[in-house]
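Structure first, commentary second.
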2 protein chains.
Amino acid sequence: MARPRFLKLPPHQQQAILQAALEEFAAHGFHDASLNRVIEAAGISKGSMYYYFDGKEDLYAYVAQTEFAGLFEQVGPPPDFDAGDAETFWSALEDYYRQLLQALAASPQLAAMLRGWSAAAKNPAFQEVQGELEQASVPWIEQALAAGQRVGAIRDDLPASLLITVALGMGEAMDLWLMSQPVDPESLPAHVHGLIDMMRGAFAPRRPVH
Amino acid sequence: MARPRFLKLPPHQQQAILQAALEEFAAHGFHDASLNRVIEAAGISKGSMYYYFDGKEDLYAYVAQTEFAGLFEQVGPPPDFDAGDAETFWSALEDYYRQLLQALAASPQLAAMLRGWSAAAKNPAFQEVQGELEQASVPWIEQALAAGQRVGAIRDDLPASLLITVALGMGEAMDLWLMSQPVDPESLPAHVHGLIDMMRGAFAPRRPVH
DNA sequence: AACGAATTAGACCACCAGTCTAGACCGGTG
DNA sequence: CACCGGTCTAGACTGGTGGTCTAATTCGTT
């Protein structure tokens with residue numbers, strides 16, 4: 001995950017490398033991105049690149065993590081889901097998710113990278129690297145889930161890991177679907193509401209049927 | 001999609017190529033699979049391979065399609081979702097989904113390939129090839145959805161394309177989660193029931209809240 | 001100034017997907 | 001039989017890839 005040496009570089013040089021890598025990865029995804037092109041665009045030599053990063057995966061992971069952190073910095077930390085009842089839980093979640101999507105829509109490169117992440121993450125060779133990034137995202141999901149269960153907004157009759165996996169899958173699907181739609185900032189809140197409504201249906205405690 | 005010439009080969013030679021390709025793709029996914037290895041394992045020359053297939057994508061698509069067809073042949077066609085009420089719709093869906101998963105569990109290579117498909121399918125360069133396979137899978141989902149709406153099992157206040165995308169995402173997530181679990185055929189029905197229950201929550205018509 | 005560590009340059013390696021040409025094979029025809 | 005044209009095969013070759021390695025350079029410290 002980026003040799004410490006890298007951080008000692010003058011910021012503008014770090015920036016040049018990061019920017020080149022971001023553009024390449026955003027444009028081509030992980031697999032089809034060319035490290036040689038990044039090297040050329042950044043104006044450094046191959047030796048330097050491998051001096052600062054362990055390899056392509058390492059660079060990708062670092063760029064993704066950096067951009068990811070930038071996103072959360074921009075949007076701010078997740079709200080405190082513990083305060084209130086089930087109803088406020090779901091509306092807080094909806095608000096926060098909408099903010100994330102809005103921020104994502106505003107920086108297409110970041111969006112393209114994060115989108116590629118989920119595909120790349122399925123490659124087993126990737127998963128050790130992935131762990132580091134996932135540990136930045138999954139915990140707040142775990143906490144939100146636990147909070148949701150405490151306030152009675154989320155069912156507890158299924159394993160938490162299953163709920164998380166399915167929630168991520170739904171989120172990814174939503175993202176995919178939004179991409180395929182004509183861009184229309186006006187309608188985003190409605191779409192987000194639709195998705196959260198589906199999540200609510202899936203994850204809310206079962207009401208007894210009679 | 002496999003030059004017609006390929007079909008004129010003696011079956012055992014077709015089989016050798018297909019088997020080699022299946023093993024390679026199942027083991028390494030599309031991107032990291034090596035066509036050279038397939039060629040070597042199949043005992044043919046590069047010239048022959050490119051004589052029978054347009055390239056790596058073409059081979060992959062053909063193998064995936066073939067295996068996919070085999071799966072549906074094994075499980076049988078989807079039931080008629082139109083007969084009955086919402087309750088029977090959901091239980092028929094659960095049955096069918098469980099059968100698919102059981103068949104998939106019995107042939108790990110096929111499972112590995114289809115798993116890789118969803119990742120590969122996101123690559124834009126792949127989507128023209130993908131169309132052909134997707135036309136075999138999405139229509140029955142569309143029909144099931146339409147049938148579900150007719151019998152009142154599925155909401156119609158959201159775009160069908162969104163429902164389909166989210167359903168696929170949930171299914172994929174379920175699959176991912178199952179893979180991470182210790183293999184236990186006994187508990188599969190319960191897991192499937194859990195997933196279908198979540199889908200039902202997400203896709204059932206909203207009950208008026210009061 | 002001199003030494004050793006940090007850094008850079010880029011040649012080199014094995015491998016990749018895909019192209020291309022030379023020839024082997026084979027059925028039909030004169 | 002000889003020849004011919006299409007079908008098929010072999011594998012050298014191309015331009016690219018990610019990654020390694022060594023020699024040279026720069027730089028901080030004594």
Side-chain angles (χ1 to χ4, degrees), chain A residues 1-18 20-25 27-64 116 120 123-126 128-129, chain B residues 1-18 20-25 27-64 116 120 123-126 128-129:
Chain A
M1 203 59 178
R3 303 251 176 82
R5 302 151 171 173
F6 178 71
L7 302 175
K8 290 196 287 185
L9 277 180
H12 77 273
Q13 207 167 344
Q14 287 188 33
Q15 211 39 49
I17 297 175
L18 248 55
L22 176 60
E23 277 167 23
E24 180 71 17
F25 283 130
H28 300 98
F30 174 74
H31 262 292
D32 292 339
S34 161
L35 203 49
N36 289 337
R37 279 196 298 256
V38 174
I39 283 165
E40 198 178 359
I44 62 174
S45 75
K46 204 158 213 181
S48 299
M49 178 60 94
Y50 277 88
Y51 186 68
Y52 292 121
F53 292 91
D54 260 352
K56 194 183 180 183
E57 288 185 7
D58 190 39
L59 176 63
Y60 183 82
Y62 182 74
V63 175
N123 182 337
F126 224 85
E128 56 180 281
V129 164
Chain B
M1 204 58 177
R3 303 252 175 81
R5 302 150 170 171
F6 178 72
L7 302 174
K8 289 195 289 187
L9 277 180
H12 76 273
Q13 207 166 344
Q14 288 187 33
Q15 211 41 49
I17 296 175
L18 249 55
L22 176 60
E23 278 167 22
E24 180 72 15
F25 284 129
H28 300 99
F30 174 74
H31 262 292
D32 293 339
S34 160
L35 204 51
N36 290 339
R37 278 196 298 257
V38 174
I39 284 165
E40 196 178 1
I44 64 174
S45 75
K46 203 156 215 182
S48 300
M49 178 59 93
Y50 277 87
Y51 187 69
Y52 291 120
F53 293 91
D54 260 351
K56 194 183 180 183
E57 288 186 6
D58 191 39
L59 176 62
Y60 184 81
Y62 182 73
V63 175
N123 181 339
F126 223 85
E128 56 180 280
V129 162

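In this text, all values refer to a predicted model and were calculated from it rather than measured experimentally. The chains referred to below are lettered A, B, ... by the order of the sequence lines, with proteins before strands, and numbering in each begins at 1.
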Nucleotide [N], atom [atom2] - distance to [atom1] of [X] in whole Å:
X	N	atom1	atom2	answer
A:Phe6	C:dT8	CZ	P	11 Å
B:Phe25	C:dC16	CZ	C1'	13 Å
B:Arg37	C:dA17	CZ	P	8 Å
A:Leu9	C:dT7	CG	P	8 Å
B:Tyr51	C:dC25	OH	C1'	12 Å
A:Arg3	C:dT8	CZ	C1'	14 Å
A:Asn36	C:dC16	CG	P	17 Å
B:Lys56	C:dC15	NZ	P	16 Å

Sugar-phosphate only, base, or nothing, as touched by B:Tyr52 at under 4.0 Å among non-hydrogen atoms: sugar-phosphate

Sugar-phosphate only, base, or nothing, as touched by A:Phe53 at under 4.0 Å among non-hydrogen atoms: nothing

OP1 or OP2 of C:dT8 under 4.0 Å from side-chain N/O of A:Ser45: no

Any A:Ser48 side-chain nitrogen or oxygen under 4.0 Å from OP1 or OP2 of C:dT7: no

[X] vs [Y] side-chain heavy atoms within contact, under 4.5 Å:
X	Y	answer
A:Tyr52	A:Leu59	no
B:Leu35	B:Glu24	no
B:Met49	B:Ile17	yes

Polar pair under 3.5 Å, donor/acceptor by atom type, side chain A:Lys46, base C:dA9: no

Would you compute the distance between atom [atom1] of [X] and atom [atom2] of [Y] and round it to the nearest 0.5 angstrom?
X	Y	atom1	atom2	answer
A:Lys46	A:Glu40	NZ	CD	11.5 Å
A:Glu23	A:His28	CD	NE2	11.0 Å
A:Lys56	A:Tyr50	NZ	OH	9.0 Å

Contact boundaries on DNA chain D for chain A, cut-off under 4.0 Å to non-hydrogen atoms: D:dT17 to D:dT20

Parallel, tilted or perpendicular: ring planes of A:Phe53 versus A:Phe6, cut at 30 and 60 degrees: tilted

Aromatic plane relationship, A:Phe30 with A:Tyr60 - under 30° parallel, 30 to 60° tilted, over 60° perpendicular: perpendicular

Non-hydrogen atoms of A:Arg37 and A:Asp32 that approach each other most closely: NH2-O, 3.4 Å

Closest to the B:Ser34 side chain, choosing from C:dT7, C:dC16, C:dT19: C:dC16

B:Arg5: salt bridge (charged side-chain N to carboxylate O under 4.0 Å, His left out) partners, not counting sequence neighbours: none

Of B:Gly55 and A:Gly47, the one whose closest DNA chain C nucleotide lies more 5': A:Gly47

Inter-end axis angle, the helix from C:dA1-D:dT30 to C:dG30-D:dC1, with every axis fitted to five base pairs (rounded, 10 degrees): 30°

